[in-house]
Number of protein chains: 4
Amino acid sequence: MTKNKQEDILDAALLLFATRGFDGTTVPMIAERAKVGAGTIYRYFENKESLVNALFQKCVMELSETIKKDFPISNGDIREQFRHIFKRMFNFAKKDINGLLFVDSHSGARYLNDQSKKLFADFLDFLRILLENGKKQGMICQLPSEALISIVYGAFVRLYKVIQTGVLEETPELLKGVEECCWNAIRVH
Amino acid sequence: MTKNKQEDILDAALLLFATRGFDGTTVPMIAERAKVGAGTIYRYFENKESLVNALFQKCVMELSETIKKDFPISNGDIREQFRHIFKRMFNFAKKDINGLLFVDSHSGARYLNDQSKKLFADFLDFLRILLENGKKQGMICQLPSEALISIVYGAFVRLYKVIQTGVLEETPELLKGVEECCWNAIRVH
Amino acid sequence: MTKNKQEDILDAALLLFATRGFDGTTVPMIAERAKVGAGTIYRYFENKESLVNALFQKCVMELSETIKKDFPISNGDIREQFRHIFKRMFNFAKKDINGLLFVDSHSGARYLNDQSKKLFADFLDFLRILLENGKKQGMICQLPSEALISIVYGAFVRLYKVIQTGVLEETPELLKGVEECCWNAIRVH
Amino acid sequence: MTKNKQEDILDAALLLFATRGFDGTTVPMIAERAKVGAGTIYRYFENKESLVNALFQKCVMELSETIKKDFPISNGDIREQFRHIFKRMFNFAKKDINGLLFVDSHSGARYLNDQSKKLFADFLDFLRILLENGKKQGMICQLPSEALISIVYGAFVRLYKVIQTGVLEETPELLKGVEECCWNAIRVH
DNA sequence: CATGAATGAGACTTCATTCAT
DNA sequence: AATGAATGAAGTCTCATTCAT
């Protein structure tokens with residue numbers, strides 16, 4: 001027996017939404033993978049949209065917490081902060097690659113509710129503030145923070161999409177190299 | 001009157017697939033936007049999958065041609081080649097933002113046929129060969145080319161996703177800055 | 001605390017069946033209103049059809065008993081008998097309006113079993129015999145008893161449907177007037 | 001081939017709603033009886049509720065027109081008017097017994113929209129005004145018109161319910177007798 | 001006994017696809 | 001060649017019923 005059905009449903013939905021997308025995933029598919037009856041899903045979630053929103057919020061919160069835990073905010077060394085974020089992102093991706101890809105591919109979706117959108121916006125805000133700080137310190141290049149986030153976040157997610165396909169192997173060297181590349185992308189030269 | 005119905009259908013499908021995804025787009029939606037009868041779509045495409053594949057191939061070819069046209073291959077100056085690619089990508093994105101986003105969001109989809117996959121792989125190969133060259137010249141950092149492509153391509157597409165939402169404005173300064181960032185990401189320091 | 005669960009279930013079902021009909025009422029609805037678990041209903045009734053039949057029979061028997069109690073059968077004065085029936089019907093309607101409406105709206109339903117049908121037919125038979133008697137006495141007009149019953153019963157039930165909606169107020173004068181109308185409808189002139 | 005599909009659907013729905021009720025009738029049932037695909041119903045009606053409302057309005061309008069056509073309004077002879085109404089009601093019942101029973105059994109239903117309710121209320125209003133007139137003339141007994149309508153309409157509909165079951169045969173004598181009974185019910189004595 | 005979580009059959013509805021016009 | 005009415009398979013969701021607790 002597994003922990004509980006709600007978790008099973010969320011796990012199954014995560015894998016399917018990440019790989020097939022929301023519209024490409026049917027409720028019976030989720031039920032089958034979660035090993036529950038189709039009707040059971042509706043005991044835990046009002047409808048399919050509720051489910052995707054609950055899942056999205058869960059993933060964003062986990063991602064956010066993963067990064068914020070023990071965040072080196074005090075000293076304000078931007079390089080160290082960047083390294084921290086990347087390390088945690090790697091951890092998150094290793095532990096929950098589907099969570100990462102799901103959040104990425106669904107972050108602008110039309111069926112997300114306001115709460116979901118807000119939660120994701122807050123997450124981006126956290127990153128933005130860091131970058132603003134770094135720009136003030138003269139460490140980060142003077143482009144709009146949204147652009148800088150796009151560059152780093154986009155690069156990171158795409159890398160894991162490729163890793164996921166098996167074309168690329170995730171090794172410590174690779175990750176270290178990528179971290180450096182991304183840092184080089186946004187730092188002042 | 002517009003050019004011809006096949007074009008109208010492809011245009012309508014492109015916009016819808018780019019914004020709602022393949023599974024979130026219905027054939028009647030496409031027909032309505034293309035201002036043709038639903039049945040007409042089946043005179044030009046065998047089915048919905050045929051349509052998405054035709055469209056994908058069209059977009060990838062246009063993207064590929066956009067980049068390859070007048071490509072500075074002779075001298076082999078990697079920096080100039082990189083600048084060329086970026087410039088053309090910017091042009092492509094400006095002219096056909098939906099084409100860019102569609103290709104990106106559908107490039108690993110389960111309903112793409114072998115030809116579609118091959119065409120996209122060829123496009124990536126072209127980029128890979130350039131990077132391999134650059135690495136040999138000692139200009140590009142020694143990471144797997146797949147990783148480097150992910151970084152640059154991922155950064156680029158994500159930037160345009162954000163521009164598309166209106167959060168960020170596309171200005172010459174921004175584009176120039178981003179180009180530099182991406183170059184800094186992958187060059188040897 | 002209420003009397004007992006079976007009663008609670010029957011009460012809840014009566015209200016719901018009377019207002020929403022059998023097919024428009026779900027078992028969970030009944031359970032919620034009866035303040036019991038949905039499963040509990042199945043300890044007292046084999047299934048939803050059993051429940052509606054039990055309830056129908058209960059209501060018909062109560063209606064029948066209400067009328068038959070102290071029925072002035074001996075003297076055979078048809079006018080007095082008619083007055084008796086109407087008075088008791090008024091009482092029944094006042095005490096259990098839902099019982100009246102439920103029986104009326106479900107009396108020909110496809111899910112009633114033979115026992116339910118028989119019980120209701122017996123009730124109508126009782127009325128028919130009275131009318132036959134009255135016709136022999138030359139007091140009641142010479143139409144088929146089924147027609148006469150339809151007229152009086154139909155008029156009566158419809159009146160209470162309207163009262164139920166609040167359009168009409170139930171006053172002694174109204175009831176007396178209606179009784180007279182119904183008597184005038186079927187008596188010989 | 002039959003006239004057209006929308007008519008076929010309405011006809012099938014009428015029979016089924018009249019005999020099984022709205023909640024006891026499934027859309028596939030209607031489709032089968034109308035000899036159309038289930039999806040076809042949704043080309044003509046937005047959903048099941050739209051269908052029942054369209055049908056209700058159609059039936060009420062037909063009933064209303066049947067009565068109002070050539071209505072002897074000028075002379076104001078209430079007895080003649082009453083006879084006219086009954087005659088037309090008989091005609092309507094003969095031509096479209098299901099229409100009559102459907103309207104009756106669904107006239108207070110929770111899924112009727114405002115337009116449906118209004119149309120039915122207007123129909124009752126027409127009858128009410130006639131009775132008010134008759135009361136002023138001293139021909140009709142002094143009870144609330146709503147009560148008088150209930151008596152006559154209730155009697156009438158119930159009669160046809162019984163005729164429908166086959167227990168009673170519809171003969172000119174019966175109808176004439178019933179008309180007289182109903183008139184006696186509400187006239188001044 | 002009583003419960004309510006769990007289920008799957010079946011409800012309503014959508015949509016890719018066909019075909020007569 | 002073009003259409004859009006028609007279809008039925010399949011999607012989302014509900015609910016009568018069961019059963020472990």
Side-chain angles (χ1 to χ4, degrees), chain A residues 1 4-6 8-9 22-32 34-51, chain B residues 4-6 8-9 22-32 34-52, chain C residues 4-6 8-9 22-32 34-52, chain D residues 1 4-6 8-9 22-32 34-51:
Chain A
M1 206 52 206
N4 74 65
K5 292 192 189 289
Q6 175 151 0
D8 293 347
I9 293 166
F22 176 74
D23 292 307
T25 301
T26 71
V27 172
M29 271 180 204
I30 299 170
E32 190 187 351
K35 289 184 183 151
V36 300
T40 303
I41 290 176
Y42 292 87
R43 289 197 59 72
Y44 292 97
F45 304 96
E46 205 184 325
N47 51 36
K48 201 184 164 192
E49 289 209 359
S50 276
L51 169 55
Chain B
N4 70 63
K5 291 189 188 294
Q6 174 151 359
D8 292 346
I9 293 165
F22 176 74
D23 292 305
T25 300
T26 70
V27 173
M29 271 180 204
I30 298 170
E32 190 188 351
K35 289 182 182 152
V36 299
T40 304
I41 290 177
Y42 289 85
R43 301 211 126 270
Y44 293 97
F45 304 95
E46 204 188 325
N47 51 36
K48 199 182 168 193
E49 289 209 357
S50 277
L51 169 55
V52 79
Chain C
N4 71 63
K5 290 187 191 293
Q6 174 151 0
D8 292 346
I9 293 166
F22 176 74
D23 292 305
T25 300
T26 71
V27 173
M29 272 181 202
I30 299 170
E32 189 188 351
K35 287 180 184 155
V36 300
T40 305
I41 290 177
Y42 289 84
R43 303 211 125 268
Y44 293 97
F45 305 95
E46 204 186 326
N47 53 35
K48 199 182 167 192
E49 289 209 357
S50 278
L51 169 56
V52 78
Chain D
M1 209 48 209
N4 72 64
K5 292 192 188 288
Q6 176 153 358
D8 293 347
I9 292 166
F22 176 74
D23 292 307
T25 300
T26 71
V27 173
M29 273 181 202
I30 298 170
E32 190 186 353
K35 288 183 184 153
V36 300
T40 304
I41 290 176
Y42 291 87
R43 289 197 60 72
Y44 293 96
F45 303 96
E46 205 186 325
N47 52 35
K48 200 184 165 192
E49 288 209 358
S50 276
L51 169 55

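Numbered from 1 within each chain, the chains take letters A, B, ... in sequence-line order. No experiment lies behind these values; they were computed from the predicted model shown.
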Gap between atoms CD and P, on D/Glu32 and F/dG8 respectively (whole Å):
12 Å
Mind checking if C/Ser50 touches a base, just sugar-phosphate, or nothing, with heavy atoms under 4.0 Å?
nothing
Write down the distance between CG (A/Leu51) and C1' (F/dT12), rounded to a whole number of angstrom.
13 Å
Quick one, C/Val52 and C/Thr25 - any side-chain contact, counting heavy atoms below 4.5 Å?
no
Taken to the nearest whole Å, CD1/B/Ile9 to C1'/F/dA2 is 10 Å
Please report the distance, rounded to the nearest Å, between CZ in A/Phe22 and C1' in F/dG11.
12 Å
Nearest whole Å is fine: how far is E/dC19 P from B/Ile41 CD1?
18 Å
In terms of side-chain heavy atoms of A/Pro28, which of E/dT3, F/dT12, E/dC12 is nearest?
F/dT12
Contact under 4.0 Å: B/Arg43 side-chain N or O vs F/dA1 OP1/OP2
yes
All heavy atoms of C/Ile9 vs all of C/Val36, minimum pair found to be CG1-CG2, 4.1 Å
Looking only at heavy atoms, which two atoms of D/Ala38 and D/Ala31 are closest? And how far apart?
CA-CB, 3.7 Å
Quick one: does any side-chain atom of A/Lys35 pair with a main-chain N or O of A/Asp8 as donor and acceptor, under 3.5 Å?
no
Working to the nearest 0.5 angstrom, can you tell me the gap between B/Tyr42 OH and B/Ser50 OG?
10.0 Å
Between C/Glu49 and B/Gly37, name the one whose nearest nucleotide on DNA chain F is closer to the 5' end.
B/Gly37
Distance below 4.0 Å between B/Thr40 side-chain N/O and F/dT3 OP1 or OP2
yes
Of the options E/dA2, F/dT17, F/dC13, whose atoms approach the side-chain atoms of A/Tyr42 most closely?
F/dC13
Between atom CG in D/Asp8 and atom P in F/dA6, what is the gap in whole Å?
10 Å
Would you mind reading off the distance between B/Ile30 atom CD1 and E/dC15 atom P, rounded to a whole angstrom?
12 Å
Please tell me which of the listed nucleotides, E/dA16, E/dG4, E/dT7, lies nearest to the side chain of B/Val27?
E/dA16
Kindly say if B/Tyr44 contacts the phosphate of F/dA1, meaning a side-chain N or O under 4.0 Å from OP1 or OP2.
no
I'd like to check A/Val27 versus A/Leu51 (side-chain heavy atoms, cut-off strictly below 4.5 Å). Are they in contact?
no
Side chain of B/Thr26, heavy atoms from C-beta onward: which of F/dG4, F/dT3, E/dC15 has the nearest atom to it?
E/dC15
Restricting to non-hydrogen atoms, name the atom on A/Lys48 and the atom on A/Asp23 that form the minimum distance, rounded to 0.1 Å.
NZ-CA, 4.4 Å
Could you run through DNA chain F and flag its stems, i.e. three or more consecutive Watson-Crick or G-U pairs with both distances under 3.5 Å?
E:2-21 with F:2-21
Take A/Glu46 and D/Ala38, find for each the nucleotide of DNA chain F with the closest heavy atom, and name the residue whose nucleotide sits nearer the 5' end.
D/Ala38
Return whichever of A/Gly39 or C/Val36 has its heavy-atom-nearest nucleotide of DNA chain E closer to the 5' end.
C/Val36
For the student: nearest non-hydrogen atoms of C/Phe45 and C/Gln6, plus distance:
CZ-NE2, 3.9 Å
Separation of D/Lys48 atom NZ from E/dG10 atom C1', in whole Å?
12 Å
Among E/dT17, F/dT7, E/dT13, the one nearest any side-chain atom of D/Asn47 is E/dT13
